**Q** 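One structure, pasted below without further comment.
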Amino acid sequence: MGSLNSKQSEACRYTDGPLLILAGAGSGKTRVITHRIAYLIDELSVNPYNILAITFTNKAAKEMRERVDRIVAYGAESVWVSTFHSMCVRILRQHIECLGGKSNFTIYDTDEQKTVMKEVLKYLNLDTKMYPERAMLAAISKAKEEYVSPDQYEKRAATSYREQQIANIYREYQKRLQSNNALDFDDLIYKTIELFEHNPDVLEIYQNRFKYIMVDEYQDTNHTQFLLVKQLAAKYQNLCVVGDDDQSIYKFRGADIHNILDFEEEYPNAKVIRLEQNYRSTANILNAANGVIANNEGRKDKTLWTENEDGGKVTYTEYENEYQEAESVVNDMIEKSGQGNSLNDMAVLYRTNNQSRVLEEKLLMNNVPYTLVGGTNFYSRKEIRDMVSYLKVVANANDDLAVARIINVPKRGIGDTTINRAREFALLSEMNLYDVLLTPEEIPGIQRAAEKIHGFTRQIEGFRQFMADATLDELYEEILEKTGYKMQLEAEGTDEARSRIDNLKELKNKIVKYEEEAEEPSLMELLEEISLVADTDREEDTEKERVTLMTLHSAKGLEFPYVYIVGMEERLFPSGMAIDSDDMDAVEEERRLCYVGFTRAMKGLALSGAGTRMVNGTRIYSKTSRFIDEIPENLLIRRGISEPVSYEKRNWRNPEPQTSFSKSTSFPKKEKPYAGLTMSSPLISKGMPGQVVIDFAVGDTVKHLKFGKGTVTELVKTGTDYEVKVNFERVGEKKMFASLAKLKKL
DNA sequence: GAACCCATCATTTTT
DNA sequence: TGATGGGTTC
């Protein structure tokens, strides 16, 4: 274990009893966990079968799995590396019968939860203005995270009418999930705790199995996850949790920072080890982050340090508006790339998703390839949901939601009225929709559609039989063909239909891949993977170089040589909601988010803000984020305008300020204090030409490197540059900047 | 059942 | 600004 520092090594070797590893950003925490597992197995001869490592995301689980496989000599595959949720699914599939559930349960995702909630609210005749489904789902989720049952919720509600209503909603919602034989994400954890509580014998099986338990990102655990870990570790107490309270940024989704802050109270004999040496960032970046986070109260005392060199200073540039900010960031990345840096080494981080739009625009305009993290999920596309619903119905006939979704897709002439009557009848007779549909003659008022319904159920039964001796991808193909789903799309012939067909092919690829990788492929497990493994961690094609765009939240756990954080403005970051909140911790959580953002950067950190930007359709004017002022002045270079200035004024005074990482620490010793416009003058020398010269006009034919020949249709002067609209022969109309597009007049 | 129009409402996100 | 959903119309 020579490659570990003394603290890391100590953490690996302390294996008996509770251990809290406070692992600062970039302190090599994943390495410690994996080496610890290796130590247990290789040095202490612990049976790999007795080790459990829990993570939050599939991505983290996958990464840990790979690393464990790599460093453990023998038996690595027997170590249980899992997310909380998939671990619970595995346990519940085995034992949920003890709780009166069925082991072939379906897992409902957020969209399906919404559908159920809509039905519940309708059924209870509640005004969706007073009881918005989103808020209701949030309330239920919160209750479940606190391990509060509907009954307890009602008791707690006492005299509050509204709370009592919510208790009713909660109860009805659960009733429906149960009748659909479905669990939502929170249920997975909740039910597992319940299972263990009511069946100590079952719990003991797992306690004996998991003699050594490790939990990563412990600061993100919620109360139920805390309870679950506590149950599992109760017998042997060999519990090692790793986390960093300074990186707790998920309070809004139930993460309870007290789980980590009070670990020593919960486990009085706990050993605490701090990993404070950072291996990731330059000293300047790290100290800027330290300076900011020091403003938080109520955190575990620790200070990260590094042996890395100082590096360049952190920069903060203030722009007039979001367009200039985006453009400058993009230009800077292009320049960086020209200096031999890979686009993969750069990331732009922001507080809210909608900030990506401007950036995307400018990136497209300049032909800079990028990946946007956190786009729409593959599995939430209509055609995918349809096909998955078919598979779900084949696997679990009780899933009314899935049945209702596909009963008339593609069109079978079974209309809304018919479906509604069937559902009503099912509700009254306390049967599942599908069971009612098996004998449609008994449903009042739908005689005419009866034969069509028979056609549907016969088809489903046919698929079930077909499945008996077919592979999953064959089943999938069969459904696509026999239902006419594929044919219908092919007949449409539109671009949209073609893209849907592509997506359906992609789903098939995923199914085939699953079958190749799974030990014992089953329809249920496939569906489980679809629900549990978000598409966000799909394998990205590594061929192309791209810059990364994502929220600060999704950047957690990642690192990039060059990081740009845009939108450093009061009420954007920290968010207005946090500032207005009467919860003192709200701004502190934003500050932690800031800390997370800073510590993603290895070599360069460029911060920026805009004096004004469009938010929700109105233009707002902002002050600089307080976090900027919390960075020690000697580590920071400020530049840009100090207050919004009109375009005319700016053009006349000086060109676009440009974001950039400072070149080195050898900036003029006597830094001028932050002085508005004058500060941005050094930036002119940064290779920004005074005025772009062009030799073409509207109507001229020009040639572009990639797009080929085209005609200039529009020419707009923007500051020192021109925005050129060109109608290309091959690719149609494109907008671009003259300075970057390298257009040649023909 | 598709197409349209108007009103509404906007953090952060994984599973 | 722009996505989304409900309601109306043909």
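Quick caveat, the model's predicted, so the values are computed rather than measured. Letters go in sequence order (proteins before strands), and every chain restarts at 1.
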**Q** Need two values: the first and the last nucleotide of DNA chain C, 5' to 3', having an atom under 4.0 Å from any heavy-atom of chain A.
**A** C:dT1 to C:dG6
**Q** Does A:Asn616 make a side-chain N or O approach to OP1 or OP2 of B:dC9 shorter than 4.0 Å?
**A** no
**Q** What is the distance, to the nearest angstrom, from the CG atom on A:Asn222 to the C1' atom on B:dT13?
**A** 13 Å
**Q** The side chain of A:Arg351 is closest to which nucleotide in this list: B:dA10, B:dG1, B:dT12?
**A** B:dT12
**Q** What nucleotide among B:dT15, B:dG1, B:dT13 has an atom nearest to a side-chain atom of A:His553?
**A** B:dT13
**Q** If you compare all heavy atoms of A:Asn503 against all heavy atoms of A:Phe378, which two are closest, and at what distance to 0.1 Å?
**A** O-CZ, 3.5 Å
**Q** Donor-acceptor pairs under 3.5 Å, side chain of residues 181-190 of chain A to any protein atom, not counting sequence neighbours: which ones?
**A**
residue, atom, partner, partner atom, Å
A:Asn181, ND2, A:Asn104, OD1, 2.8
A:Asp184, OD1, A:Lys144, NZ, 3.3
A:Asp184, OD1, A:Asp186, N, 3.1
A:Asp184, OD1, A:Asp187, N, 2.8
A:Asp184, OD2, A:Gln113, NE2, 3.3
A:Asp184, OD2, A:Lys144, NZ, 2.6
A:Asp184, OD2, A:Tyr173, OH, 2.9
A:Asp186, OD2, A:Ser141, OG, 2.8
A:Asp187, OD1, A:Lys144, NZ, 2.9
A:Asp187, OD2, A:Lys144, NZ, 3.4
A:Asp187, OD2, A:Asp184, N, 3.2
A:Tyr190, OH, A:Ser149, N, 3.3

**Q** Ignoring the backbone of A:Lys411, work out which of B:dT13, B:dT15, B:dG1 is nearest its side chain.
**A** B:dG1
**Q** Please report the distance, rounded to the nearest Å, between CG in A:Leu593 and C1' in B:dT11.
**A** 10 Å
**Q** Whole Å only: how far is the CG atom of A:Leu349 from the P atom of B:dT11?
**A** 19 Å
**Q** Kindly write out the residues that satisfy side-chain hydrogen bond (donor to acceptor under 3.5 Å, both in side chains) with A:Asp583, not counting sequence neighbours, or none if the list is empty.
**A** A:Lys251
**Q** Are A:Tyr350 and A:His553 close enough that their ring centres sit under 6.0 Å apart?
**A** no
**Q** Check whether A:Asn259 reaches the backbone of A:Thr221 with its side chain - one donor and one acceptor, N or O, closer than 3.5 Å.
**A** yes
**Q** To the nearest Å, give me how far apart CG (A:Asp585) and P (B:dT11) are.
**A** 20 Å
**Q** Can the ring centres of A:Phe196 and A:Tyr206 be said to be less than 6.0 Å apart?
**A** yes
**Q** Whole angstrom is fine here: how far is it from CD in A:Gln225 over to P in B:dT14?
**A** 14 Å
**Q** Sequence neighbours excluded, which residues qualify as side-chain contact (heavy atoms from CB on, under 4.5 Å) partners of A:Asp246?
**A** A:Asp244, A:Ile293, A:Arg299, A:Lys302, A:Tyr595
**Q** Using the side-chain heavy atoms of A:Thr352, tell me which of these nucleotides is nearest: B:dT11, B:dT13, B:dG1.
**A** B:dT11
**Q** With sugar-phosphate meaning primed atoms plus P, OP1 and OP2, does A:Ser86 contact a base, only sugar-phosphate, or nothing at under 4.0 Å between heavy atoms?
**A** nothing
**Q** With a 4.0 Å cutoff (strictly under), does any side-chain N or O of A:Thr551 reach OP1 or OP2 of B:dT13?
**A** yes
**Q** A side-chain contact here means heavy atoms from C-beta on lying under 4.5 Å apart; do A:Gln225 and A:Asp256 qualify?
**A** no
**Q** Pick from A:Lys556, A:Arg592, A:Arg253: which one makes a salt bridge (Lys or Arg N to Asp or Glu O under 4.0 Å) with A:Asp220?
**A** A:Lys556
**Q** Whole angstroms only, please: what is the CG-P distance between A:Leu552 and B:dT13?
**A** 10 Å
**Q** Quick check on contacts: within residues 243-260 of chain A, what sits under 4.0 Å from DNA chain B by heavy-atom distance?
**A** A:Tyr250, A:Phe252, A:Arg253
**Q** Atom CD of A:Glu133 to atom C1' of B:dT8: distance rounded to whole Å?
**A** 14 Å
**Q** Who passes ring-ring contact (aromatic ring centres under 6.0 Å, His included) against A:Phe210, sequence neighbours left out?
**A** A:Trp80
**Q** Rounded to the Å, how far apart are A:Lys59 NZ and B:dT15 P?
**A** 10 Å
